[in-house]
Structure formats: structure tokens, C-alpha cells
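Labels below follow one simple rule: chain letters A, B, ... track the order of the sequence lines, proteins then strands, and each chain is numbered from 1. Treat the numbers as computed from the prediction; the structure is a model and nothing was measured.
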Amino acid sequence: MANRWRKPVKLAVVILMVFPFLAGCWDRLEIEDRAVVLGVSIDEAKKVTEEQEESEVIPNGPKTDMVHVAVQIALPGRIPLGPSDSGGGGGAGSQETLWVIDVIGHSIDDALMNLQQQISGRLFFGHLRVIVVSEKIARRGLENVNDFFRRNSEVRRMAWLLISKGNARKLMTAAPKLERVPTLYLMATLDEGIKMGKFPKDYIGIFWSNAVKKGQEGFLPYVELRKEDNVEISGLAIFKDKKMVGRTKALDIGAYMAIKGSNPAGYRVFVDLGGPKKNVMTSTTHRDEKTRISFKNGYPHFDVYMTIEINLEEKISDSVMISTTGTLKQVEETEKKMALKIYRDTIEMTQAQGADIFGFGELIRAKRPSYWNRKIRTKANWQEMYKEKATFDFHLTVKARRIGMRAK
Amino acid sequence: MQSNSNRQITTIESAAVLVSTIIGVGVLPLPLFAVRAGDAGAPLVTLLGMLVGFVGLALIALLGMRFPNKNIIQYSEDIIGKWLAALGSICIIGFFAVLTSLTAREFGEVVVTSVLKETPLEVTVIVMLLLAAVSTRNNVITFSYIHLFYFPFLLLPAILIVALSLKNADLINLQPVWGNNPSHMLPGVLTVAALFQGSFVLTLVIPAMRNPKKAMKASLLGMLIAGGLYISIVIAAVGVFGAEEIKNLLWPTLELAKATSLPANILERLDAAFLAVWVTAVFTTLFSSYYLTLQALSTLSRLKDHNMLSFFLLPLVFIMAVMPQNIISMYEIIAFVGRIGLSLTIGYPALLFIIALIRGKRGDRSNGKQVEKAS
């Protein structure tokens with residue numbers, strides 16, 4: 001009798017004992033109790049008001065410069081899934097879907113702790129897409145920012161880190177019309193930039209990898225807010241070690257991508273065939289690159305062989321006729337001269353900073369390890385050598401392929 | 001004594017046991033270990049580590065083929081005598097008990113850091129150990145079936161992540177293949193070799209193999225699959241991140257899963273999926289080392305049945321698992337224990353094999369003559 005029941009009872013007891021352990025109830029967190037952070041901006045704290053002073057949890061932090069952190073928290077239930085159905089035809093302000101709160105702190109984590117003290121939901125960084133850092137902070141150094149976000153297990157490596165000209169917080173509150181969630185708009189600007197060939201892949205993870213490589217420096221997108229709350233990628237912020245040392249112009253991004261041979265290509269330039277009226281516009285469609293290393297007087301010399309394919313897109317007036325291969329040849333030749341100058345300027349600018357964002361040093365480390373081990377070895381040595389000794393020759397082949405739908 | 005029902009493990013099954021035993025908690029920090037030793041030459045370090053690991057496994061296979069009806073606890077008595085052998089066996093038991101506890105602890109650390117942040121470490125560790133302890137209450141044939149069952153679940157996701165992440169890899173990161181500082185490779189090679197020590201469990205499998213002569217083939221196959229996977233994970237991690245960045249990451253393989261997305265953004269990060277699968281990988285590793293500890297202990301103490309011991313050992317293993325005070329000291333202990341273990345899993349079998357050769361001891365002439373009398 002009793003034996004018949006013994007087995008099921010034993011089993012039930014075991015299940016009852018084991019189940020609470022396996023169910024993971026310690027970590028249950030209802031989705032509405034989470035404060036999902038979509039974007040973070042980091043500025044320097046200018047004047048600390050009395051109220052902010054009081055809001056600090058730790059009264060005597062380290063004597064470093066304070067940071068001003070603003071976070072965008074998604075409001076549960078307000079984020080539209082899919083295309084807007086009744087959003088009133090776009091233009092939904094950022095206030096509707098998001099809540100932007102700012103705090104100050106001695107470091108990122110300190111600021112976020114002060115913030116946590118003020119809101120109910122637990123801050124969750126798993127959906128963090130964009131981190132905007134103001135130029136001032138970037139020039140001071142990103143060590144703290146990098147450390148915090150690398151250590152946090154929730155942050156994805158596919159998030160974007162941006163450097164903003166001026167105040168970074170404005171990018172958090174901006175309300176562009178195209179997306180109902182401003183952060184997603186910021187992200188789309190960059191992601192589409194990659195697809196259109198206007199920006200190289202440079203997620204935060206890639207930046208981290210490049211910035212620590214011995215023969216390479218990192219760079220980040222440099223963005224500006226325009227008056228319609230739209231965001232312009234206006235260049236590359238160049239880093240040396242962990243500090244921002246300079247910025248480029250937007251066209252230099254094209255030069256960077258050509259030198260790296262990255263595809264798809266998407267920059268347009270004017271080609272002057274003699275006089276203002278004779279300008280035509282071309283767009284790059286494909287890039288190709290091969291770098292040869294040689295040594296001149298014991299210092300590295302790089303021959304960069306590049307090929308770009310272009311399409312003719314527009315001309316200013318009918319004073320040029322695009323009907324013979326001769327004209328196209330002329331376009332190719334002119335563009336070649338012009339492009340080479342841009343490339344050279346870009347390289348010289350990074351050389352002046354001693355910041356090899358292209359990774360030429362990595363090429364030496366990989367392909368000429370004996371030279372690297374003998375002469376360079378460390379990141380600092382390569383920075384020095386890149387600045388003073390390395391020489392470059394660019395060889396460009398331009399191939400004009402198509403002229404659009406017009407016959408002349 | 002050997003009826004056919006006790007000898008039914010095939011070559012493939014034994015290879016599966018080896019693969020799922022080797023692939024375990026170690027895959028997460030593996031690229032870090034390899035990169036610390038060899039920079040861009042990390043794949044080479046892994047390859048060398050695999051070769052060192054294979055030496056140990058090959059010795060076990062050779063010994064097993066020489067004594068096809070016995071495991072290492074039994075034939076060591078034939079070779080070097082009862083008392084010396086007991087000493088060696090106790091070392092083995094102790095080592096694998098420690099290895100079991102460290103595996104459980106490392107698993108707990110990863111889970112607490114990355115997924116279940118509120119769950120106490122002790123709970124994750126004890127649940128995992130309980131699971132292993134319950135599963136060890138089986139004979140070696142069930143043991144190998146369990147491994148065979150989980151085998152595809154271990155391989156496919158790892159291969160998927162490697163394949164998907166390779167599109168972000170840059171060949172420059174992997175050159176030069178011997179690294180920029182090849183003189184510091186040796187400690188790293190040993191650390192990586194220590195990750196292969198679980199393969200010692202082969203000694204329990206051979207006496208139940210249908211054809212013990214194929215033990216070498218099984219170990220070669222198992223080593224090729226597990227080692228190949230290890231090397232490809234290192235290649236993918238170094239290729240994607242570069243050697244210098246890996247030095248910044250505690251668990252580069254997890255980070256690799258985090259940076260990898262399925263095409264068309266079905267899943268934008270694979271770390272959660274990867275961790276879910278990785279739990280089974282840890283389980284099989286834990287299962288093997290726990291089983292090895294138990295079997296060795298019961299053979300040594302001449303017990304007929306090891307089931308009783310399984311829970312008796314649990315508190316001991318658990319206490320050892322929670323001993324390390326922090327994650328850094330845990331990794332120091334793991335590296336230290338791993339090095340010591342190498343002398344046990346390679347040196348001891350080598351010693352046994354050489355002495356067996358010199359003294360001409362064998363246990364495989366059972367067809368014509370009777371099995372040599374076990375003293």
C-alpha cells in the first residue's frame with residue numbers, strides 16, 4: 001500500500017525542492033519596472049547648482065571634473081511598434097515617447113547612481129543604442145566612459161558612440177520628424193550612412209578594438225545638430241590613445257573610406273573640366289585598395305594603390321558634352337588629381353596629430369613583424385614614427401563607368 | 001566477466017564523450033589565455049596547447065588498449081604495485097574533485113556577472129552540482145549516451161557563432177601567425193593544454209568500449225573536433241577584436257557572441273542564446289569530471305556501487321567551489337591547478353606507460369590465456 005505511493009511522493013518532493021532554484025525567480029523583473037535607457041549623453045558639468053549639489057549621493061567624490069549625464073528613458077507603452085498608426089502624422093515630440101533626465105556626478109557610474117536615486121525603475125542598458133559625448137569631454141579623455149560601458153554586461157558592442165560639437169544633451173532632447181523615437185533617428189542616420197557608403201562601420205565595439213591596437217588609433221563620428229533638429233555627420237573625431245585630438249571635415253570621411261578601400265562607396269564631388277560652367281558632378285560607386293610596404297632609409301614607406309569607379313551624375317551647364325570617351329577620360333584625369341590632393345591632405349592632417357586612424361602600423365605589425373619587433377614594438381613608438389618618419393605615395397586609378405539616362 | 005551487454009560503447013560515442021567533456025566552461029576565457037601568451041599568434045598557441053593535451057590523451061588511450069578491461073586505477077596497481085598506485089589514484093581523485101568544483105564555480109561566476117545578477121552564486125553552483133550528482137547515478141553506458149545526446153547541441157551553436165562572426169573578422173589581426181613575441185608562449189600553451197584535461201575520462205570509457213583497439217581512433221577524432229572548435233573560436237575572436245582588445249575582455253567568447261547578430265537582425269545579439277547552450281556544455285564537462293572522481297573513488301575503495309558516494313561527495317565539492325574569494329583569485333587558482341594537473345594527467349600516465357613497457361605488463365591477452373591475475 002504505502003509502497004505504491006512512495007515513488008510519486010518522492011518525485012513530487014524533489015520537484016518542489018528543485019523548482020524554485022531552477023525558475024530563476026531571484027532575477028525576475030517585470031518589464032514595466034525597468035527603466036529602459038535608449039540613449040546617454042555626457043557633457044561636462046559647468047556650474048553645479050545647489051539643487052544638484054544636494055542630489056548627490058556621495059558628498060565627497062574624487063576631485064575630478066564633474067560630468068553632466070542625461071539619459072533618455074523609454075516610456076513603457078508609448079514606444080510605437082511599427083509604423084505610426086495614430087501618431088498625428090509624425091512630428092511626435094520626444095516628450096511623448098521618452099523621458100530625458102539629467103544628473104551630475106564625479107564619474108559616469110556616480111552620475112547614474114544619483115539618477116537611480118531619483119527614479120523608481122531599475123536602469124536597464126540592454127537597449128542602449130547611442131552614447132553621445134561632447135567634444136570637451138572627448139578631448140579630456142574617454143577612459144572613464146570606455147571603462148564603464150565595457151564593464152557593464154548589458155551594453156551591446158553594436159551601440160554607437162558619437163562625439164558632438166557643443167552640447168551633447170541637445171541631441172537627447174532633439175525631436176526629428178522622421179522617427180518618433182529620437183535615438184532611433186540618430187542611429188538610423190549612421191546605419192543608413194553605412195549602407196549609402198557615407199560612413200565606415202564604426203560601432204562602439206569596433207572603436208574600442210581599434211583604439212587599443214598598437215599600430216592604429218580610433219575615430220568616432222563627429223556630429224552636429226542642425227536647426228531642424230536634424231543631425232549632420234560632419235566629420236571624424238580623431239583619437240590618439242584615449243583622447244580626442246582633432247576632427248576632419250565631412251569629405252575626409254570619403255578619403256578615409258577610399259584609403260581603406262571600404263564599400264559601398266557614396267561620396268559625390270565636383271570635377272572641374274575648365275571653368276566654373278564646366279563643372280560636372282560624379283559619385284563614387286566602388287572602391288578598391290591595396291597597400292604595399294617598403295622601407296626607405298630604414299623607415300616605412302607605403303604605396304597605396306587605389307581604384308575607384310565613378311558615375312557621372314550632373315553637369316552645371318551644357319558647355320561640356322558627355323559624348324566621347326575622351327571627355328570621360330578627362331573627367332577621370334581631373335578627378336584623379338583632385339582626389340589625390342584630398343587623400344594627401346587627410347593623411348597629412350592625421351600625421352600632424354600622430355594619430356594613425358588607418359591602421360598602417362597594424363599592417364607593418366602583421367606583414368613585417370621583424371621590422372616591427374626591432375624598431376617599433378609599442379604604440380607610443382608607432383605614433384612617433386607615423387608622425388615623423390612614415391611616407392606615403394598614392395596611386396589612384398579612376399574609372400568612369402556610367403553617365404545616367406541622358407545621352408550627352 | 002565481460003558479457004557483451006557491458007561492452008557496447010562505439011567509437012563515435014567515445015569521441016562524443018571526449019568532445020563534450022573537453023568543451024566546457026573554458027571556452028569563455030580561452031581567447032584571453034591564448035592572446036596573453038601569443039598576441040596575434042593565439043591560434044598557434046591553442047594548436048600547441050591542443051597537441052600537448054593530445055599527448056596526455058594518447059597515453060591514456062595506449063594504456064587503455066594495453067589493459068582493455070581495466071581503468072587507470074586498476075591497471076596502475078598491476079604496473080607499479082598496490083601502495084604506490086593508491087597514492088597516484090588519490091592524487092587523481094583529489095585533482096578531479098577540485099576540477100569539478102572549479103568548473104562549477106567558474107560557471108557560477110559567469111552566470112552571476114552576466115545573466116542572473118541577483119541570484120546568489122551558491123544557488124547556481126549547487127543547482128549545477130546537484131544536476132551532475134543526480135546524473136552520475138548511472139552506469140558508464142548511460143553516461144556515454146547522455147554525452148552523445150548533447151553532442152550536437154554543443155557543436156552547432158558554436159560553429160554558428162564562429163561562422164557568423166567571421167564576416168567581421170580582419171585578417172590583419174591574425175598576422176603574423178606566430179605572434180609578435182613568440183618567446184613567451186610556453187605558459188600559455190600549458191594553460192590552454194590544461195583545458196583539455198577532462199579527456200582523462202577516456203580511461204573509464206575504454207573498459208566498456210565494444211572494440212578497445214579503436215580507443216586511439218576515438219581519441220584522435222575527439223581531439224580533432226574539440227581542438228578544431230577551440231582553434232576556430234580563437235581565430236574568430238582574435239580576427240574580430242584584435243589581440244589588444246581581447247586583453248581587455250574577461251570572457252572574449254561571450255563578447256564575441258554579443259557582437260554577433262543573425263542575418264537580417266532576427267537576433268541582434270547572440271549572447272543570451274549562446275549562454276543557454278553553454279549551460280549544457282558546462283553540464284557535460286561537470287558531469288564527466290564528477291563521474292570520473294566518483295568512479296575512481298569507488299574503484300579504489302572496492303565498492304560495488306558508486307551511487308551512494310555521489311551525494312556523499314557533493315558537500316565536499318561544493319565547499320571547495322565556494323572557497324575562492326573573488327574572481328581574480330579564482331582564475332589564479334584555476335591556472336595553478338591546471339598546471340599541476342598537467343603533471344598528473346600527462347606525467348603520471350607517461351610514467352605508467354614506460355614502466356609497463358619495461359616490466360612487460362599487459363592485460364590484453366585475454367583470448368588465448370587467461371587475464372593476468374590482478375594482485
Tell me whether E118(B) is salt-bridged to R122(A), with the criterion being a basic N under 4.0 Å from an acidic carboxylate O. yes
Among V155(A), L363(A), I206(A), which residue forms the greatest number of heavy-atom pairs with chain B at distances under 4.5 Å? V155(A)
Chain A: which of N173(B), L250(B), L130(B), L249(B) shares the most heavy-atom pairs with it under 4.5 Å? N173(B)
Minimum side-chain heavy-atom gap N210(A)-E245(B) below 4.5 Å: no
Tell me whether R365(A) contacts the main-chain N or O of Q175(B) through its side chain, where contact means a donor paired with an acceptor under 3.5 Å. yes
Quick one: does any side-chain atom of K367(A) pair with a main-chain N or O of I172(B) as donor and acceptor, under 3.5 Å? no
Of the listed residues (E362(A), K201(A), R156(A)), which shares the most heavy-atom pairs with chain B below a 4.5 Å separation? R156(A)
Tell me, side chain or backbone of W372(A) under 4.5 Å from chain B's heavy atoms, or both, or neither? side chain
More than 12 non-hydrogen atoms from neighbouring residues, nucleotides or ligands closer than 6.0 Å to CZ on F311(B), yes or no? yes
Looking at A366(A), S153(A), S370(A), G126(A), which one has more heavy-atom pairs under 4.5 Å with chain B than the rest? A366(A)
With a 4.5 angstrom heavy-atom cut-off, which part of R150(A) approaches chain B: side chain, backbone, both or neither? side chain
Residues passing the ring-ring contact (aromatic ring centres under 6.0 Å, His included) test with F148(A), sequence neighbours excluded, are none
Between E244(B) and K214(A), is a side-chain contact (heavy atoms from CB on, under 4.5 Å) present by the stated rule, with each step listed? CA-CA 7 Å; E244(B) 292 302 313; K214(A) 283 182 178 162; 3.4 Å; yes
Do other residues, nucleotides or ligands put more than 12 heavy atoms under 6.0 Å from K242(A) NZ? no
Under the criterion side-chain contact (heavy atoms from CB on, under 4.5 Å), I'd like the reasoning laid out for K247(B) against V212(A): C-alpha separation, chi angles, the key distance, then a yes or no. CA-CA 10 Å; K247(B) 289 178 190 164; V212(A) 294; over 6 Å; no
Inspect the contact between K117(B) and E154(A) and indicate whether a charged nitrogen and a carboxylate oxygen are less than 4.0 angstrom apart. yes
E255(B) vs R157(A), salt bridge (charged side-chain N to carboxylate O under 4.0 Å, His left out): CA-CA, chis, key distance, verdict: CA-CA 8 Å; E255(B) 203 76 15; R157(A) 287 184 83 87; 3.0 Å; yes
Nearest heavy-atom pair of A259(B) and M158(A): which atoms, and what distance? O-SD, 4.1 Å
Counting neighbours of NZ on K10(A) that are heavy atoms of other residues, nucleotides or ligands and sit closer than 6.0 Å, is the number greater than 12? no
In Å and rounded to the nearest 0.5 Å, what is the CG to CG distance from N248(B) to N146(A)? 9.0 Å
Given a strict heavy-atom distance threshold of 4.5 Å, which part of R368(A) is in contact with chain B: side chain, backbone, both, or neither? neither
Taking CZ in F312(B) as the centre, count heavy atoms belonging to other residues, nucleotides or ligands within less than 6.0 Å. Is the count above 12? no
Neighbours of chain A found in residues 102-111 of chain B - heavy atoms under 4.5 Å: none
